[in-house]
Structures are given as structure tokens and as C-alpha cells.
Amino acid sequence: MSSKMSSRSRRRKHAISQLNIMVVGFRSLGKTSFIRMLFDTLSIRRNSKEEPVLPASLFQSAESVRDAEEARTKELYSFTLDIDEEGEKISLTLVDTPGFVRDNELRLDVQVTEALRYIEAQFDHTLAEETKVKRNPKAVDSQIHACLYFIDNANNGLTEKDIRILKRLTVRVNVIPIIAKADLLTNTQLANLKEAIKKDLKTHEIPVFAFPVDEEGGDDEMEPELAEEIANAQSQVPFSIIAPEDAAITDPNTGDRIRGRQYAWGIIDCLNPKHCDFVVLRNVLLSSQRKLFKDITTEVFYEQYRTERLMARKASKMITKEQKKKLMEDLSEI
């Protein structure tokens, strides 16, 4: 018995968890800069068989207007990294998307549809694997587990376009709202914007990712430390993000180099929870809520999509040959 238990323990220890994160939002809100900052804080496993192919955007400066235009994401791309996070091995896939346009409603709807099609395509991969007679035991979970939606801080809450986009996205994926470029706001302005966004989400019944609630006396009662950590994360939603500048920034108190931004009035440390919510968000994504993101994706979003597809297939089979002929004739006249 002990040998079997130790064998299982070894398998769990060496198991690799898959996590797939997508970033979306309007142009020039720092989505790629966020990916670059997250990348810089990861502990990448260099002993993997193949070195990851990294996008050039991770190493491009975006400080000037010209640099920002050249570094702008022009098409959806993804890359995968094998990382270590608090003793766990994670295969992390990051998906960057082109910024949504503001001045073309038709193009905007097309862009949102393209993002949704990518998410649904990953569900299709899973569905195709499930219908195989002989499944691949090494099949990779490519489903998008979390989608970060970047919100412009210049608005007093969610715009009509934000609301329309969020209602479409939250049908298919765990959405986490992000306030972009929070360094442009005072503490009071940021607090007011967070409250306005929360109010808009509630008013328009937009089901963004909800953190688990600790029910006292229940069988699954959380440990006090975990409950406090989750409550703290929940209080920060929507998370505020500040991307560091490319120049070397030195902390005047310690002399250490930091990831931050330097202004005439002082320095912002992007990894300081008092300055922005990056560290809290990073922990939510890679550690505290990682399993919940995956469980909800599989048990809620994928199952809903799977049911819709199977029902559609069943309905299509029930159409008679005459109906199909009539349908094709009608379509040809359009």
C-alpha cells in the first residue's frame, strides 16, 4: 500500500497543469504591456525539451508613439511557457489579441466575433477529441480559462460598447475586468471608477468571474488565511494595472532596480500592491483561483457549448431532403 501511495504522490508531484489566458480590449490600453510584465515575473523552466518561440512584442519598446504603433498587436497570437509557480509546474499559454477599434461599429463587432470564434474553436478541439473512438491521452487542454478585459480609465464606468462586448464574452469564458493605465488616476478617481464599474456590472447583469464565498459551518469551509486572501482579491475588482516603462528605474530607498514608472513627483513600483493590483491579479490567475477557472470552464462554459452543438447537429439531421432543397433554393435567391 505504501509503495502505491508513494507512486501516486510522485505522479501528482510531476503533473503539469495547463492554464490558458487571453487578453482583450480596445486599442492602446496596455494589453501587450501586461503580457510583457507578466512574462518578466515568471519562473520559466529551462529544462523543457523545446525552447518556447517567443513573440517579438515581448522585447519591443513601446514608450514613444512610433514604437507603440510598431509594437501594436495586429493579429491574434499565442505562445506557451512551462513555468514553476509555488512548487507547481504549469504550462501557461498567453493569447494576445488586436485592440478593438472605437470608431467603426461593424469592424468592432467583427473583432469581438473573431475573439469568440477563437474561444469556441478550443471547445471544438475538446469536443472532437471526446468523440474519437481512441482518445489521445496526451491531448492538450487549449480551452481559454480566463479572459482579461481591459477598460479605458478615461470613462466614468462602462461604455455602451463595453457592456455589449462583455455580455457576449461572459457567455463563453471567465471574464476579469481590468482598469488600464491606472497611474493616470488619483487614488480618489480610481476608487470612484471601480465603484462605477461595479455598479454598471450589477445594473446590466453582466456575470464576470465571481470569487468563491466562504459559507460558515459548511463542509467546504475555507481556511481563514485563504478566505482573507480571496476577500482581499474580491475587494480589488476591477483590478487596476500599471505597466512599467522600459527605462531602468531604481528605488531611491534601497538602490534596487524595480519594475516601475518614474515621474517628477516620485516613483511607482508596479509590483507594490499599494501602487497597483498586479501582484494580487497575478496570484489570482496563477495560484489561488487557477483550479476554479478551469473547473468553471469545463463544467459550465464547455458543457453549455457542447450541448448547443449537439442539439444543433440533432436538429440538422431531422431536416428532410425536401426541406434542405427548399432551404438551398431560398439561400440562392438572397
Among the clusters formed by ILVMFWY side chains lying less than 4.5 Å apart, do [X] and [Y] turn up in the same one?
X	Y	answer
L76	V110	no
I44	V95	yes
L116	V300	yes
V140	L81	no
Y77	F39	yes

Minimum heavy-atom separation for [X] to [Y], with atom names?
X	Y	value
A243	C270	C-SG, 3.8 Å
F150	G30	CE2-O, 4.0 Å
G157	L193	N-CD1, 3.4 Å
V173	C147	CG1-CB, 3.7 Å
M37	P244	SD-CD, 3.2 Å
H145	L19	ND1-CA, 3.6 Å

Could you state the interatomic distance from [atom1] ([X]) to [atom2] ([Y]), rounded to the nearest 0.5 Å?
X	Y	atom1	atom2	result
L127	K132	CG	NZ	11.5 Å
R259	I242	CZ	CD1	15.0 Å
R168	I163	CZ	CD1	15.0 Å
E120	H125	CD	NE2	12.0 Å
E114	I119	CD	CD1	12.5 Å
L190	N153	CG	CG	9.0 Å

Take D295 and K291 through the test salt bridge (charged side-chain N to carboxylate O under 4.0 Å, His left out) and record every step on the way to the result. CA-CA 6 Å; D295 289 345; K291 185 178 184 303; 2.8 Å; yes
Backbone N/O of [Y] and side chain of [X]: donor-acceptor pair under 3.5 Å:
X	Y	answer
D277	S240	yes
H275	I268	no
K181	I241	no
Q189	T186	yes
K194	Q236	yes
T97	V23	yes
T250	P252	no
K31	F26	yes

Kindly determine whether E205 and K167 satisfy salt bridge (charged side-chain N to carboxylate O under 4.0 Å, His left out), including the steps that lead there. CA-CA 9 Å; E205 299 180 339; K167 284 191 172 184; over 6 Å; no
Would you check if [X] and [Y] make a side-chain contact, meaning some heavy-atom pair closer than 4.5 Å?
X	Y	value
R27	V101	yes
K198	P238	yes
L169	V24	yes
F239	I179	no
I267	D251	no
F211	L292	no
F301	T170	no
I151	N155	no

Have a look at L148 and tell me which of L38, I35, I178, V175 forms a side-chain contact (heavy atoms from CB on, under 4.5 Å) with it. I178
Run the side chain to side chain contact (heavy atoms under 4.5 Å, CB included) check on V208 and L201 step by step: do they pass? CA-CA 8 Å; V208 295; L201 291 171; 3.9 Å; yes
Regarding [X] and [Y], do their side chains bring together a donor and an acceptor under 3.5 Å, going by distance alone?
X	Y	answer
S78	T93	no
S91	Q18	yes
R164	T159	no
Y305	Q143	no
D84	S43	no

Does [atom1] in [X] sit with more than 12 non-hydrogen atoms of other residues, nucleotides or ligands closer than 6.0 Å?
X	atom1	answer
N136	CG	yes
D124	CG	yes
E129	CD	yes

When the ring planes of F123 and Y302 are compared, do they come out parallel, tilted or perpendicular, using 30° and 60° as the limits?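 It falls in the tilted class, 30° to 60°.
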What orientation do F100 and Y149 show, parallel under 30°, tilted 30 to 60°, or perpendicular over 60°?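 F100 vs Y149 ring planes: tilted.
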May I have the step-by-step check of side chain to side chain contact (heavy atoms under 4.5 Å, CB included) for I21 and I144, ending in yes or no? CA-CA 6 Å; I21 301 171; I144 300 300; over 6 Å; no
Would you confirm whether the ring centroid of F293 sits within less than 6.0 angstrom of the ring centroid of F209? yes
Below 3.5 Å, can you tabulate the donor-acceptor pairs from side chains in residues 281-289 to any protein atom, sequence neighbours excluded?
{"unit_1": "R282", "atom_1": "NE", "unit_2": "T41", "atom_2": "OG1", "d": "3.0"}
{"unit_1": "R282", "atom_1": "NH1", "unit_2": "E85", "atom_2": "OE1", "d": "3.4"}
{"unit_1": "R282", "atom_1": "NH1", "unit_2": "E85", "atom_2": "OE2", "d": "2.9"}
{"unit_1": "R282", "atom_1": "NH2", "unit_2": "T41", "atom_2": "O", "d": "3.0"}
{"unit_1": "R282", "atom_1": "NH2", "unit_2": "E85", "atom_2": "OE1", "d": "3.1"}
{"unit_1": "N283", "atom_1": "ND2", "unit_2": "E229", "atom_2": "OE2", "d": "2.7"}
{"unit_1": "S287", "atom_1": "OG", "unit_2": "E86", "atom_2": "OE1", "d": "3.0"}

Show, in sequence, the C-alpha distance, side-chain angles and deciding distance for R309 and E303, and conclude whether the salt bridge (charged side-chain N to carboxylate O under 4.0 Å, His left out) test is met. CA-CA 10 Å; R309 287 300 304 272; E303 282 303 317; over 6 Å; no
So does E308 pair up with R172, basic N to acidic O under 4.0 Å? yes
Using a strict cut-off of less than 4.0 Å between a Lys/Arg side-chain nitrogen and an Asp/Glu carboxylate oxygen, indicate whether R102 and D152 qualify as a salt bridge. yes
Side chain to side chain contact (heavy atoms under 4.5 Å, CB included) between D141 and K294: does it pass, once the steps are laid out? CA-CA 10 Å; D141 174 14; K294 299 183 65 174; 4.1 Å; yes
